[in-house]
Protein chains: 2
Amino acid sequence: MTSASTPKGERRRNELIDAAAALLAEGGFDAVRHRAVSERAGLPLASTTYYFDSLDELITAAVERHGRNELDAGARRLDELAARHRGVDTVVELMLEQLLGPEPADSAADLDGVLLRYERLVGTGRRPYLRSLSVAMSDEMDALLLEICERSGMPVSLHRLKQLIALVDGAVVNALVEVNPEPRAAARKMLSEALQPTA
Amino acid sequence: MTSASTPKGERRRNELIDAAAALLAEGGFDAVRHRAVSERAGLPLASTTYYFDSLDELITAAVERHGRNELDAGARRLDELAARHRGVDTVVELMLEQLLGPEPADSAADLDGVLLRYERLVGTGRRPYLRSLSVAMSDEMDALLLEICERSGMPVSLHRLKQLIALVDGAVVNALVEVNPEPRAAARKMLSEALQPTA
DNA sequence: ACCATTCTGGTACGGTCGTGCAATTTATTT
DNA sequence: AAATAAATTGCACGACCGTACCAGAATGGT
């Protein structure tokens, strides 16, 4: 069964997705297992196979939930963003917050969070069933970023935006291998330089 | 035992690394397993645990072998590269060849090859034991690319080079999620625009 | 009341995995 | 050739995995 039909069933199914999304955020794709999800949700193992035809489907739901949470948080931030001129540094910070999530106090936690976004990108390469979902979420992210720039008096074309995103993503994946990885700082530097009026 | 002490042992250990590197290139990190490696090398299962203390050590050796092969091939290409002025398009192609490997005729094979490079980058995030190795290989790659630009009459600073690499890497990881992924084409476009004298 | 459908959860099967270890083969020394 | 040491390997243990199965409980329509 791929979807529940009673309200209670729907609630349980939902709890499983929440648990799966949390595991995904903490340990990546490999952490999303039937047993781990069911234990986390406090539900029996068999409930995971009852509500999801396969593990792939469960993972898909977890990716969607996690992405949706992030995009919603981004949209909320955007709602509170007044339209006014902003300096480069501020815009950079807003974009990073959107692309990498809000910066946690613990820098190790930041690494984990950042890691997942890029595991999702690369992991989609070996998981074709995630493609359409990933594409849709990327498009939403693009729209959010466009709006941020717009409202900050620094409008950019979609084309230019994709350059900037590539710059951030590239900076991050390269920073991930460093002995002391600070992907956010690396991305900040790249983005800041690229947005500077001119050098 | 982490290293063999007889010539024959050294040879066998070497065959295991070759097999592991091949599996890595074909199926990513998850494909490097004791049993798969031993079968591929035509050696008994226990030989993998005899020559390598753990799977991590075997994976490390495979990553090193694979990276070394690629860097050596790059160095060989560089040796045959005469110093003379080249157009942007040509330099772009040379850089992509270095960063993503030579373009195979089969575009599906290209995807596999490209995927691995980025699995390695992101995978290093969750495999700290690969960090120092990955850093060293990245540095070698930087040197190779610097030299390519130099010999093509288009010298760049290390700082600028890192921007260009980030651009390529970012374009690739974003292209990986597309319904019809053409990471090389996406990277080519980005890089070409960035190197254009000015628009 | 009934019954069909939906849901629940305990359990087990067949599989892959990393790894430890005793036995065996091979090499070296006496 | 015998004794000793080193290198090699067959094998199995325990863990974890996805998933199928099925008896029973809850639910909702009649």
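Per chain, numbering begins at 1; letters A, B, ... match sequence-line order.
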Atom CZ of Arg33(A) to atom C1' of dG15(C): distance rounded to whole Å?
14 Å
Rounded to whole angstrom units, what separation is found between the CZ atom of Arg35(B) and the P atom of dG18(C)?
7 Å
Pairwise 5' ranking along DNA chain D for Ala46(A) and Asp30(A), keeping only the more 5' one
Asp30(A)
Nearest-Å distance for atom pair CZ/P, residues Phe29(B) and dC17(C):
17 Å
With the 4.5 Å side-chain cut-off for hydrophobic clustering, are Met141(B) and Met190(A) part of the same group?
no
What integer distance in Å separates His34(A):NE2 from dG9(C):P?
16 Å
For DNA chain C, whose closest nucleotide is more 5', that of Leu55(B) or that of Ser47(A)?
Ser47(A)
Integer-rounded Å distance: dA7(D) C1' and Arg12(B) CZ
9 Å
Please confirm whether the backbone N or O of Leu78(B) pairs with a side-chain atom of Arg151(B), one donor and one acceptor, at under 3.5 Å?
yes
Mind checking the CG-CZ spacing from Leu130(B) to Arg120(B)? Nearest 0.5 Å is all I need.
9.0 Å
dT9(D), dG10(C), dC7(C): which one has an atom nearest the side-chain heavy atoms of Tyr51(A)?
dC7(C)
When rounded to whole Å, the CZ to C1' distance for the pair Arg11(B) and dA7(D) reads 14 Å
When you measure from the side chain of Ser54(B), which nucleotide among dG10(D), dT19(C), dG9(C) comes out closest?
dT19(C)
Counting the atoms with a prime plus P, OP1 and OP2 as sugar-phosphate, which does Leu45(A) contact under 4.0 Å by heavy atoms, base, sugar-phosphate, or nothing?
base
Send over the distance from Arg13(B) CZ to dA7(D) P, rounded to a whole Å.
14 Å
Measure from the side-chain N and O atoms of Ser157(A) to the backbone N and O of Arg160(A), and report whether any donor-acceptor pair falls under 3.5 Å.
yes
Starting at OH of Tyr50(A) and ending at P of dG10(C), how long is that distance when rounded to a whole Å?
16 Å
